[in-house]
Amino acid sequence: MSSLNLIPKPQSVTIDEGQFALTDSTFIYVQTEADKTVKKIGHYLADKLKPATGFDLQVVATTDLPTNNHINLIIDEANSSLGEEGYTLQVTSDMVNVTAAQPAGLFRGVQTLRQLFPSQIEQSTVVDLEWTVPAVTIEDSPRFAYRGAMLDPARHFYPVSEVKQYIDLMAYFKLNFLHLHLTDDQGWRIEITSWPKLTEIGGSTAVDGLGGYYTQADYTEIVNYAQEHFITVVPEIDMPGHTNAALASYAKLNCDDTATELYTGIEVGFSSFCIDKEITYQFVDDVIRELAAITPGPYFHIGGDESNKTEEADFITFMGRVLPIVQKYDKTFVAWDETAKAGIDDSTVIQHWKSDSNTQMAIAKGAKVIMSPGNRTYLDMKYYEDSRLGLTWAGLINTEAAYSWDPATVVPDIPEEKILGIEAPLWSETIENIADLQWLAYPRLCGHAELGWSSKNGRGWDEYKHRLSAMKTRLDGMGVNYFDDPVVP
Ligand code: TNX
């Protein structure tokens, strides 16, 4: 098993005799022409195998299979015990079968297949090599339903193309939720047509400089691209704190009817919506309505963190008004752990980042939880004291520390069935572009992906670090600017 070097580690792997050899005449078969989603997965696989092999693999619909040299992508309801994302992968010397109950499972299985090829498979130009895959039988499904990563285009803005690059890598490690922190004190990044100054004024700045924003068409492009990778976008509009960009855009949102100054520093906790004004709730309703309408996923994140400028009673009043608005637009309310203090119920999800007691309180009120402990999952923390990028308030997190913990026990006394999964946020105060993003995210995010997907059994840092080491050639091939952490052999 360890010789296969798969990340995340599958549930069960049996190594068989022999190997499958990919050639330029290998066919990728899907069952029916009509199933566009499966056909797309076939083309995705062909596209991923093409640069290094030079092969133009054909994707063909048939159930009348020849005896050898094909990769089959099979939807089989009989596999439903593996769940929406589970799959089986069988490689013999004649063929490769990826079987799943749902397209999402096929897509996850295809990622495993990519990792079974020689590591040069990720190179962007043709490599002269025998493209063999060891004969194996793999049965696999995730431990947690929610395996997320968060980007913060509010502090520094990232164009759509860079978000797509982040999605490509998330998919490779079987992550399935992309949380976008779309607004903060330093910038408002999503077009809201009923409040145009949000992006016109609030979108104009970022930390130390100029901003940018996603039009609704840009956002839809991200959502669709994520969906093609079986990743669901979770939009966040942070409130009632972290709202200076909105307060600078519209004077009427302020209690004193005076617009604030735009802000380009990195302090937190100094802004608040005006809790007593009715216009605040009209605003929140408009924003949630417009954004929910272009968000197919179930979740809507309301932020709620570090509202230090909002009195606790006001915070509770505010969240009490916002929760029904989220529900009115058919979304599940998600918020950071401070929101446990408000009147949340069993329809809500709390994202743990800082306070065990808040998270325990949320569970007592019936909420579910996403685990993002700052001292383990915050990709914006430095690896070491002398790291070029990152902050340190939650501690230094090297690649080993990012991996060596358990989402089920990191907060005491939480039943595992209350834990939706884990998410690794990447706050962007100190980073400006995809190269920086990748340097902080990789290789730590590989470990978070494994914590979300793989069961606890039979894995641990001492063997994982060797699998991770083998992953470097693949990341190199993809051109990923990862940090070469000395703890990784
Ligand atoms: C805390 S984590 C924040 C963010 C900052 C981050 C920097 C959270 C819910 N709030 O506003 O960007 O620290 O690490």
Side-chain angles (χ1 to χ4, degrees), residues 148-158 177 179-189 205-208 211 234-247 263-273 299-310 315 319 333-342 344 348-359 362 367 369-383 387 389-397 401-402 410-411 422-432 436-437 439-441 444-445 448:
M150 190 207 84
L151 288 179
D152 169 21
R155 271 52 175 273
H156 281 105
F157 183 68
Y158 310 113
F177 282 90
H179 169 183
L180 292 175
H181 182 77
L182 291 168
T183 64
D184 213 303
D185 292 316
Q186 298 86 348
W188 185 283
R189 306 295 178 218
T205 48
V207 168
D208 288 337
V234 180
E236 177 185 353
I237 303 292
D238 203 348
M239 58 183 93
H242 290 278
T243 43
N244 186 70
L247 296 168
Y263 182 70
T264 59
I266 64 166
E267 294 299 313
V268 296
F270 60 87
S271 55
S272 177
F273 279 152
Y299 298 118
F300 201 108
H301 204 306
I302 290 298
D305 57 314
E306 300 170 320
S307 296
N308 309 338
K309 261 287 159 62
T310 319
F315 181 84
M319 287 299 176
F333 176 101
V334 189
W336 298 105
D337 66 42
E338 289 94 325
T339 312
K341 291 175 278 186
I344 56 167
T348 63
V349 174
I350 290 302
Q351 185 165 11
H352 169 76
W353 68 285
K354 198 175 188 181
S355 161
D356 287 2
S357 59
N358 281 343
T359 300
V369 58
I370 295 166
M371 289 298 177
S372 302
N375 61 357
R376 298 290 190 173
T377 65
Y378 270 34
L379 296 171
D380 64 315
M381 292 301 120
K382 292 185 175 198
Y383 292 87
S387 291
L389 302 167
L391 303 173
T392 56
W393 68 262
L396 299 171
I397 310 177
V410 65
V411 179
I422 107 165
E423 182 180 292
L426 179 38
W427 302 99
S428 60
E429 280 93 337
T430 68
I431 56 181
E432 299 185 25
D436 291 354
L437 282 175
W439 192 84
L440 284 171
R444 291 183 290 195
L445 191 52
H448 297 135

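Both counts, for ligands and for their atoms, begin at 1 and track the order of listing.
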- Message: Would you say W353 and E423 are linked by a side-chain donor-acceptor pair, where the criterion is simply a distance under 3.5 Å?
- Response: no
- In terms of side-chain geometry, is the basic nitrogen of R155 or D184 positioned less than 4.0 Å from the acidic oxygen of its partner? yes
- Message: In the structure I gave you, are the side-chain heavy atoms of I302 and M239 within less than 4.5 Å of one another anywhere?
- Response: yes
- Item | Within-4.5 Å side-chain heavy-atom neighbours: I431 and L426 | yes
- State the atoms of ligand 1, each with its element, that fall below the 4.0 Å cut-off from a heavy-atom position in Y378. 2 (S), 8 (C)
- At under 4.0 Å between heavy atoms, which part of K354 makes contact with ligand 1: side chain, backbone, both or neither? neither
- Task: Look only at interatomic distance and state if W336 has a nitrogen or oxygen under 3.5 Å from any nitrogen or oxygen of ligand 1.
- Result: no
- Please confirm whether D305 comes within less than 3.5 Å of ligand 1 when only nitrogen or oxygen atoms on both sides are compared. yes
- Message: Judged on heavy-atom distance to atom 11 (O) of ligand 1, which of R155, H181, M150 sits nearest?
- Response: R155
- Item | Proximal ligand 1 atoms for E306, defined as those under 4.0 Å from one of its heavy atoms | 1 (C), 3 (C), 4 (C), 10 (N), 11 (O)
- Atom pair CG/OG1 of D305 and T339 - distance to nearest 0.5 Å: 7.5 Å
- Task: Give a yes or no on whether the backbone of N358 and the side-chain of S355 come within a donor-acceptor separation of less than 3.5 Å.
- Result: yes
- L391 and ligand 1 - part of the residue with a heavy-atom distance under 4.0 Å: side chain
- State the atoms of ligand 1, each with its element, that fall below the 4.0 Å cut-off from a heavy-atom position in M381. 14 (O)
- Task: Would you check the N or O atoms of E429, main chain and side chain alike, for any that come under 3.5 Å of an N or O of ligand 1?
- Result: yes
- Message: Please check this pair: side chain of H181 against backbone of T183, looking for a donor-acceptor N/O pair closer than 3.5 Å.
- Response: yes
- Message: List ligand 1 atoms under 4.0 Å from D380, heavy atoms only on the residue side.
- Response: 7 (C), 14 (O)
- Note on the structure: Closest heavy-atom pair, H301 versus H179, reported as atoms and distance to 0.1 Å, is CD2-CE1, 3.3 Å
- Message: Contact between ligand 1 and Q351 is defined here as a heavy atom of the residue under 4.0 Å from a ligand atom; is it met?
- Response: no
